[in-house]
Undergrad: 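Once you've had a glance at the structure underneath, I'll fire off some questions.
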Amino acid sequence: MATFQSLPGFREFYPDALACRNFIFRVWRQTANIYGFSEYDAPVLEPLDLYKAKSGDEIEAQLFSFTDKGGREVALRPEMTPTVGRMVGAKANALKRPIKWFSIAEFYRYERMQKGRGRCFNQFNADIFGEAGTEAEIELIALLAQCLNAFGLTEEDFYVRLSDRNLWFYYLGALGLDETRIRAVLVAVDRYEKYGDDAFKAYTEEFGALDESIKAKVLAFLQIKSLSALEETLGGLGDDQLTERLADWRKLLGGIEAMGLTKYVEVDLGVVRGLAYYTGFVFEAFDRKGELRAIAGGGRYDHLVEKLGSPALPAVGFAIGDMTFALLLEQRGLMPDMVQASDVYCVIGGAEERPAAFAGIQSLRAAGYRVDYPMKEVAFGKQFKAANESGAKLALIYGGDELAKGVVKIRDLADRSEREVPLDEIVPAVRDTLQA
RNA sequence: GCGGCCAUAGCUCAGUUGGUUAGAGCACCUGAUUGUGAUUCAGGGGGUCGCGGGUUCGAGUCCCGUUGGUCGCCCCA
């Protein structure tokens, strides 16, 4: 057993695992580019206050935080949103709007390991700043859907639950609750799916039992699964805020339908997402089988940039975590084999033939072909075996017989056919053979 | 922070009521094999049995502790 181990919850990526990770990142990056998002990056280490300001002191227990040699309280980033909010805020007046940015980055949380959750993980983050209307939500939900179905995941595999914290606030306000009570009810709403009636325990302890008629309305509301049911429940109340908000919902769902995304999206007021900084529409993606934790989550956070000390700037964003996502791809058999094979494997007769082989190898590499060869002198039989196992498509045979004739033999490792080509025509010959 | 289960070779695992020098398959390396492939054969390297203590004539095996893994609770930005 090795003396040194990696830290608990941290992952090492051996080449096969890294190939899978890179594949996922590559597809996410391409998809974000297709949607017109620009990639950014930022520090891994941030001032601790950046997170305290947003989430309060208790967040520190979940952070990798310490005091640096200059006496600064710092933390490894647990999420990207405060950082990107700061970056955008600092240049808010100079950036063309809408600001559509994305990143793929590593995050750290001091938590217990669980399936799909570690202490260090990667997230794809996408955000739109400067757009207050539902157009931003539509664009992000479309991007989220394509980030998943670019891998072959379909509406059979995942869905996006869409909810609205504003609607909850307006509705509960119309029912006569004040803000602190509303927040407590939302905690219960968030937990209702898991705990049923016990979800209201904390509320009851703090404020006394919730009025039965209000509770009945809350329970009915969180089970709403369609726009028409929303309109039926809220339309008759004559509340201006609610009426306006319903118009936003129509716009949002109309846009989603026009983009062909309705099959992925379900209205579900049972989602409220932790009470942190979300201010309006919120959404979460889940696997259809319900076996994994959330694949992605996001929502609107219109006040964060201002809270960080910059001009107010509306914002919407979401993140996809790599751990649960990779589990989902594996479960559905959608992770392709990541063979890291050469194009060409060279078989070299011996020390006499090595210089000629090296010349050919380098000219092929200069032309962009992936070429490998045995470092030591090895019997021909072994070399052919190695060539076969390497996964290369072609073997190039630099033997004494060939070189005496001024040629090299190209062997197609799949169909075992061979042909001879002059030494100085190797590059075009390999190109032709690989293209055939 | 709390709880369940687990820990023997790089991987998957055997290992008898506690008993000689801890095994197998796969993988890796060498050779048979100095010009043609997934086969075969022969050989090899690799273990302080997670770590520390205890019980015992004797511990991979039993007991305690600890570290790590895994799954769940709290939390989930």
Undergrad: So, A:Phe221 versus A:Tyr171, ring centres under 6.0 angstrom or not?
TA: yes
Undergrad: Return the value, rounded to whole Å, for the distance between atom OH of A:Tyr14 and atom P of B:A27.
TA: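 In whole Å, B:A27 P and A:Tyr14 OH are 20 Å from each other.
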Undergrad: Using a cut-off of under 3.5 Å, enumerate the N/O to N/O pairs linking the protein to nucleotides 41-46 of chain B.
TA:
none

Undergrad: For a quick check under 3.5 Å, do A:Tyr301 and A:Thr81 share a side-chain donor-acceptor pair by atom type?
TA: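 There is no such pair (donor and acceptor under 3.5 Å, judged by atom type) between the side chains of A:Tyr301 and A:Thr81.
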Undergrad: Looking at A:Glu266 and A:Arg161, is there a salt bridge between them, counting it only when a charged N and a carboxylate O are closer than 4.0 Å?
TA: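 No, this pair does not count.
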Undergrad: To the nearest angstrom, how far is A:Arg77 atom CZ from B:C76 atom P?
TA: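 One finds 22 Å between P of B:C76 and CZ of A:Arg77, rounded.
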Undergrad: Taking CZ from A:Phe107 and P from B:C75, how many angstroms apart are they, rounded to a whole number?
TA: 23 Å
Undergrad: Please check if the distance between the ring centroids of A:Tyr345 and A:Tyr373 is under 6.0 Å.
TA: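 A:Tyr345 vs A:Tyr373: aromatic centres not under 6.0 Å.
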Undergrad: Measuring only the P atom in each nucleotide, how far is B:C63 from B:C2? A whole number of Å is fine.
TA: 23 Å
Undergrad: Between P on B:G31 and NZ on A:Lys376, what's the gap in Å once rounded to a whole number?
TA: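 Distance check: A:Lys376 NZ to B:G31 P gives 10 Å.
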Undergrad: Suppose you measure atom P in B:U40 against the same atom in B:G46; what distance do you get, rounded to whole Å?
TA: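 Nearest-Å result for B:U40 against B:G46 at atom P: 26 Å.
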Undergrad: Using the P atom as the reference point in each nucleotide, state the distance between B:G15 and B:C29 in Å, no decimals.
TA: 31 Å
Undergrad: Between A:Phe151 and A:Trp28, how do the two ring planes meet: parallel, tilted or perpendicular, split at 30° and 60°?
TA: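 It falls in the perpendicular class, over 60°.
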Undergrad: How far does the C1' atom of B:G72 sit from the matching atom of B:C26, given to the nearest Å?
TA: 33 Å
Undergrad: So, is A:Gln62 close to the B:C76 phosphate, meaning a side-chain N or O under 4.0 Å from OP1 or OP2?
TA: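 For B:C76, OP1/OP2 do not have a side-chain N/O of A:Gln62 under 4.0 Å.
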Undergrad: Looking only at N and O atoms, is any donor in the side chain of A:Arg416 or the base of B:U36 less than 3.5 Å from an acceptor on the other one?
TA: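 Donor-acceptor pair under 3.5 Å: no.
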Undergrad: Do A:Asp302 and A:Val316 have side chains that get closer than 4.5 Å, going by heavy atoms?
TA: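 A side-chain contact is absent here, since even the closest heavy-atom pair is not under 4.5 Å.
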Undergrad: Work out how far the C1' atom of B:G60 is from that of B:G18, and round it to whole angstrom.
TA: 10 Å
Undergrad: In this structure, how many angstroms lie between the C1' atom of B:G4 and the CE atom of A:Met113, rounded?
TA: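 Roughly 17 Å, once rounded to whole Å.
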Undergrad: With distance as the sole test, does A:Arg165 use its side chain to make a donor-acceptor pair with the main-chain N or O of A:Tyr278 at under 3.5 Å?
TA: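 Between the backbone of A:Tyr278 and the side chain of A:Arg165 there is a qualifying donor-acceptor contact (under 3.5 Å).
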Undergrad: Could you tell me how far B:G52 sits from B:A14 if I compare only their C1' atoms? Round to whole Å.
TA: 27 Å
Undergrad: If you find the nucleotide of RNA chain B closest to A:Leu7 and the one closest to A:Arg191, which residue's nucleotide is nearer the 5' end?
TA: A:Leu7
Undergrad: When you compare B:C49 with B:A9, how far apart are their P atoms, in angstrom units rounded to a whole number?
TA: 10 Å
Undergrad: Return the polar atom pairs (N/O with N/O) between nucleotides 33-35 of chain B and the protein under 3.5 Å, or none.
TA:
unit_1 : atom_1 : unit_2   : atom_2 : d
B:G35  : O6     : A:Gly400 : N      : 2.9
B:G35  : O6     : A:Asp401 : N      : 2.8
B:G35  : O6     : A:Glu402 : OE1    : 3.2
B:G35  : N1     : A:Glu402 : OE1    : 2.7
B:G35  : N1     : A:Glu402 : OE2    : 2.9
B:G35  : N2     : A:Glu402 : OE2    : 2.4
B:G35  : N2     : A:Lys409 : NZ     : 3.3

Undergrad: How long is the line joining CZ of A:Arg117 and P of B:G72, in whole Å?
TA: 10 Å
Undergrad: Checking all strands, does A:Glu389 fall into the base, sugar-phosphate, or nothing category for heavy-atom contacts under 4.0 angstrom?
TA: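 The answer is nothing, as A:Glu389 stays clear of every strand by at least 4.0 Å.
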Undergrad: Under the 6.0 Å and 45° cation-pi test, does A:Lys215 pair with A:Phe200?
TA: yes
Undergrad: What do you reckon, is CG of A:Asp337 surrounded by more than 12 foreign heavy atoms closer than 6.0 Å?
TA: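 Counting neighbours around CG of A:Asp337, 12 or fewer heavy atoms of other residues, nucleotides or ligands fall under 6.0 Å, so no.
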Undergrad: Nearest to the A:Gln114 side chain among B:C71, B:A77, B:C73, which nucleotide is it?
TA: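 Nearest to the side chain of A:Gln114 among the choices is B:C73.
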Undergrad: When you check the gap from the basic side-chain N to the acidic O, do A:Arg332 and A:Asp157 get nearer than 4.0 Å?
TA: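 Result for this pair is yes, salt bridge flagged.
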Undergrad: Regarding B:C73, can its base be found pairing with the side chain of A:Arg112 as donor and acceptor, where the two atoms are less than 3.5 Å apart?
TA: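 Per atom types, no contact qualifies.
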Undergrad: Which is true for A:Pro8 with a 4.0 Å heavy-atom rule: it touches a base, it touches only sugar-phosphate, or it touches nothing?
TA: sugar-phosphate
Undergrad: Please state how far atom CZ in A:Arg293 lies from atom C1' in B:C73, giving the value in whole angstrom units.
TA: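 About 11 Å, once rounded to whole Å.
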Undergrad: Please, what dot-bracket string fits RNA chain B when only Watson-Crick and G-U pairs with both distances under 3.5 Å count, crossing ones use [ ] and pairs to another strand use |?
TA: (((((((..((((.....[...)))).(((((.......))))).....(((((..]....))))))))))))....
Undergrad: In terms of relative ring orientation, are A:Tyr110 and A:Phe64 parallel, tilted or perpendicular, with 30° and 60° separating the classes?
TA: perpendicular
Undergrad: Closer than 4.0 Å, any side-chain N/O of A:Arg273 to the OP1 or OP2 of B:A77?
TA: yes
Undergrad: Could you tell me whether A:Gly9 contacts a base, only the sugar-phosphate backbone, or nothing, with contacts defined as non-hydrogen atoms closer than 4.0 Å?
TA: sugar-phosphate
Undergrad: Could you give the distance separating B:A22 and B:A32 at their C1' atoms, to the nearest angstrom?
TA: 31 Å
Undergrad: Is A:Asp322 salt-bridged to A:Arg21, cutoff N-O under 4.0 Å?
TA: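 Answer for the salt bridge query: no.
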Undergrad: Should the ring pair A:Phe281 and A:Trp249 be called parallel, tilted or perpendicular, given that the plane angle runs from 0 to 90° and is split at 30 and 60?
TA: perpendicular
Undergrad: Atom CD of A:Glu291 and atom C1' of B:C71: how far apart are they, to the nearest Å?
TA: 15 Å
Undergrad: Would a distance-only check, ignoring hydrogens and angles, find a side-chain to backbone donor-acceptor pair under 3.5 Å from A:Thr31 to A:Val27?
TA: yes
